[in-house]
Amino acid sequence: MTDTEIYAVRYAHHDGRSEAQNFVGGDLHNGSDPLDFYVWVAKTAQSIIVVDTGFDEAMAKRRSRTILRPVAEGLRTIGIAPDDVSDVVITHLHYDHAGNHDLFPRARFHLQDCEMDYATGRCMCNATLRVPFEAEDVSAMVHKVFADRVTFHDGDGTIAPGVTVHHVGGHSKGLQCVRVETHRGAVVLASDASHLYAHLETGRVFPIVYNAEDVVAGYDKLRQLAASNRHIIPGHDSEVLRRYPAAHPQLAGWVARLDLEPFG
Ligand SMILES: [Zn+2]
Ligand SMILES: [Zn+2]
């Protein structure tokens, strides 16, 4: 399991965000902290595990985001066809993590119990709380439940040898992160448990939040799960592609290898 490879595959971008859009208490007039959008891949000897499914062109238009390269195209650059994917971890059901519903026809999906509860329950009667969700993403997951394609986890769970999920909550009620053992130690794919490196480093909170106390506790949990702070991968930071080597030289700025040591 120590020769497991991990990839970050960037597929979309959102520019021109104010500080207030990325941090509670941020200045409305201050700066621009763009967000990048990723899916991740853990390739072990036995299985190919995709973490999150991103969104497609139609959703990008609806949400005014820019698709750079569709998810399937990014996966193809590292030799992964959708049919090869055995497992998909959905870190949470927000629109940017749970779209492209039909992309992985053979995969088993992994979700926390309380994320499904939250996304199908009374909180979705509230317009503010449902902003990051799309009914079609949630209902696509319900259809997968009825097709026997979903494994639910409650807290910690194992996807494959050396690949585990861990409930974090906070940003969304059932947000989970993914821990992957590699030759350089345990790498943690934080997803939205830390959107940017700055959230983890400064303890600040992203404005879309279910429970701020759990967001802050989540930063400690990420540190406990990872071999070091250099093993935590934020969910939306463009810096990831500068800190880690490209999967191939021609994939710089698109696909990075996270099981290799970061620069600096
Ligand atoms: Zn989210
Ligand atoms: Zn997100």
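Counting starts at 1 for both ligands and their atoms, in listed order. Fair warning: this is a prediction, and the values are worked out from it, not measured in the lab. When reading the values below, keep in mind they use all heavy atoms of this one structure, side chains included, and skip hydrogens, waters and symmetry mates.
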Review point. Using a distance-only test with no angle check, is there a side-chain donor-acceptor pair under 3.5 angstrom linking His236 and Asp96?
Key: yes
Practice item. Would you indicate whether Asp154, at its atom CG, is surrounded by more than 12 heavy atoms from other residues, nucleotides or ligands within a distance under 6.0 Å? Key: no
Practice item. Please list, in chain and residue-number order, the protein N/O/S atoms closer than 2.8 Å to the Zn ion (ligand 2). Key: Asp96 OD2, His97 NE2, Asp192 OD2, His236 NE2
Point to revise | Criterion salt bridge (Lys or Arg N to Asp or Glu O under 4.0 Å) on Glu73 and Arg76, from CA distance to verdict | key: CA-CA 5 Å; Glu73 193 181 326; Arg76 215 177 300 132; 5.6 Å; no
Review point. Under the 6.0 Å and 45° cation-pi test, does Arg63 pair with Tyr95?
Key: yes
**Study point:** Donor on one side chain, acceptor on other, His94 and His171, under 3.5 Å
**Key:** yes
Point to revise | His195 versus Asn22, side-chain donor and acceptor atoms under 3.5 Å | key: no
